[in-house]
Number of protein chains: 2
Amino acid sequence: MGAMTNKKSGDPVPIYLKLQTKLMLEIESGRLEPGDRIPPENRLADHHGVSIGTVKKAILNLANEGYLYRVQGKGTFVAGTTLRRESLRYYRFLKDFNNPEANLNIEFLGLKKTKGIEHVNRCLKIRHNQALYEIKRLFLFNKKPLIYSLSYLPQKLFVKLDDFSPKQFERVPIYLFLEEKYGLPTIYNQELISSVPAAHEITQLLKVPERSPILFIEMIAFTYKKRPYEYRQSYCITGNNKILREY
Amino acid sequence: MGAMTNKKSGDPVPIYLKLQTKLMLEIESGRLEPGDRIPPENRLADHHGVSIGTVKKAILNLANEGYLYRVQGKGTFVAGTTLRRESLRYYRFLKDFNNPEANLNIEFLGLKKTKGIEHVNRCLKIRHNQALYEIKRLFLFNKKPLIYSLSYLPQKLFVKLDDFSPKQFERVPIYLFLEEKYGLPTIYNQELISSVPAAHEITQLLKVPERSPILFIEMIAFTYKKRPYEYRQSYCITGNNKILREY
DNA sequence: GCTCATTTGTTCGTATGTATC
DNA sequence: TGATACATACGAACAAATGAG
């Protein structure tokens, strides 16, 4: 089929780039969904009438940009949150490198509309007067509150977010929910991590003594085209448990 | 010259990666300065006794990471610091998502041999009685001590590590040094993050009041075949600055 | 403006190694 | 163990940009 045209015709667009664009469009349009496996290299090569090296180049570029990820012996998959890398599930709490993980529950505290917040809007790269949604949640590990989290999302991007039932926000991680309902996969995140003494509001919510050391994490989640879509602040107690990160 | 050894010897490190590392070291160490032109592909291929495709791969990777830039017809050049992206393996300190990064210096505090430590050896997946090296360092950002770090490496894996001059440990990031001297590239890391009150020893080293909130990070670095090779504890002050992580 | 040597960019194809199931 | 799929390595040929003469 559609044999990629070659150079002779004065075509300045390289073959690998055409293939790359074609694949990216299939992803962006939703015909290929996160987790889907794309055809193997040799099949793509045959199908498009190009060499395997050219296919490799297109796929590797997309993998570098975060659209795809590859596993030797298994295949090439569409990135997105769910399967992208099991290691990137947001927070994993455990006592020790060799211990099993603690159990997670989410308690939904509220969702409301707010006006733009200067610091938040700048992080989200939107104008200062654009309105936001504010989501408050408590993460319980083994029934004990360990994280208080405050999320901000642009109202413009997530229309009618407040129509969903609160239960939806407790069932699954928020990024999965947003991906499903609004088709925005998470491509990468930025975090700022610091250690701070617990402020008064936090001591109440997390039930810790005033000025206990708290892990404070600010996060920006990005989707395609490096577009930020969520700004989040998390306050974590880390007495016995610690946060595991792999990269 | 220095013909890169090939696979037959059970060597798990790909040739292109060795070349890539070698070039990166020349850049990081300052032997190659921003703007310098590196030898053309065919010369590098001859010089190292590898194919031109392999050289291409090494160079393209470094170009993608921002270490080099290429101009068709002219050559390949060392990029200025602006372009460089060390998103992983490295701590980046800044005050805010929108602020520039602080300046880093490393102060080497000491390297000595120690007996095995149960917790450490378990993390490194070596027997309890295997001896270790212990490296103590202080990271200064804008001249102020911000991180105290304690590294453990198996003596068996890093023979004669204590023969190197202390200066070597201050010049380049430790993982680059180990990669060059022992041919162990870092494939991925695990971290445990928590927030703790400063213990007595730490208050002295980092010059903070007793029980200030400290970011405590335990890290295990893995090389090929998921083999752990370094266990590290870092104690970070995060008053004004925060740690940036991208993933 | 033209030619030529140099250097990178693209494309091809083949062979073998290695991870996964 | 075998089939599948990605990873590495080799090498060849030609296109396109650059800069010098």
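Lettering of chains follows the sequences in order, A, B, ..., and the numbering in each one begins at 1.
- Comparing C/dT7, C/dT11, D/dT8 by their nearest atom to the side chain of B/Pro40 picks out C/dT7.
- At a non-hydrogen distance threshold of 4.0 Å, B/Lys56 from residues 54-63 of chain B come into contact with DNA chain C.
- A donor-acceptor pair shorter than 3.5 Å cannot be found between the side chains of B/Glu134 and B/Thr114.
- For the pair A/Gln20 CD and C/dT10 P, the interatomic distance rounds to 10 Å; values are reported in whole Å.
- Residues meeting the ring pair (Phe, Tyr, Trp, His ring centres under 6.0 Å) test with B/Phe158, sequence neighbours left out: B/Tyr182.
- Atom CD1 in A/Ile59 sits 4.0 Å away from atom CD1 in A/Ile38 (nearest 0.5 Å).
- For A/Arg70, no side-chain nitrogen or oxygen approaches OP1 or OP2 of D/dA5 to under 4.0 Å.
- If you take CG of A/Leu44 and C1' of D/dC6, they are 13 Å apart, rounded to a whole angstrom.
- For the residue pair B/Glu230/B/Tyr152, the side-chain donor-acceptor check at 3.5 Å is not satisfied.
- The CG-P distance, from A/Asp46 to D/dT4, rounds to 14 Å in whole Å.
- Using a 4.0 Å heavy-atom distance criterion, A/Gly75 is classed as a sugar-phosphate-only contact.
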If you look only at distance, which donor and acceptor atoms sit under 3.5 Å apart when one is on a side chain in residues 71-79 of chain B and the other is two or more places apart or in another chain?
{"unit_1": "B/Thr76", "atom_1": "OG1", "unit_2": "B/Arg70", "atom_2": "NE", "d": "3.0"}
{"unit_1": "B/Thr76", "atom_1": "OG1", "unit_2": "B/Arg70", "atom_2": "NH2", "d": "3.3"}

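- The OH-P distance, from A/Tyr69 to D/dA5, rounds to 16 Å in whole Å.
- B/Asp36 places a side-chain N or O within donor-acceptor distance of the main-chain N or O of B/Glu33, the cut-off being under 3.5 Å.
- Taking atom CG of A/Asn42 as the reference point, atom P of D/dT4 lies 10 Å away to the nearest angstrom.
- At least one donor-acceptor pair under 3.5 Å links the side chain of B/His48 to the backbone N or O of B/Leu44.
- Atom pair A/Glu41:CD and C/dG17:P shows a separation of 18 Å (rounding to whole Å applied).
- Within the 4.0 Å cut-off from OP1 or OP2 of D/dT4, not a single side-chain nitrogen or oxygen of A/Arg43 is found.
- The CD1 atom of B/Ile52 sits 10 Å away from the C1' atom of D/dA12 (whole-angstrom rounding).
- Considering only side-chain N and O atoms, B/Thr76 lies nowhere under 4.0 angstrom from the phosphate OP1 or OP2 of C/dT7.
- Close to C/dT8, at under 4.0 Å from its OP1 or OP2, lies no side-chain N or O of B/Lys74.
- The separation between B/Gln72 atom CD and D/dG19 atom C1' is 14 Å, rounded to whole Å.
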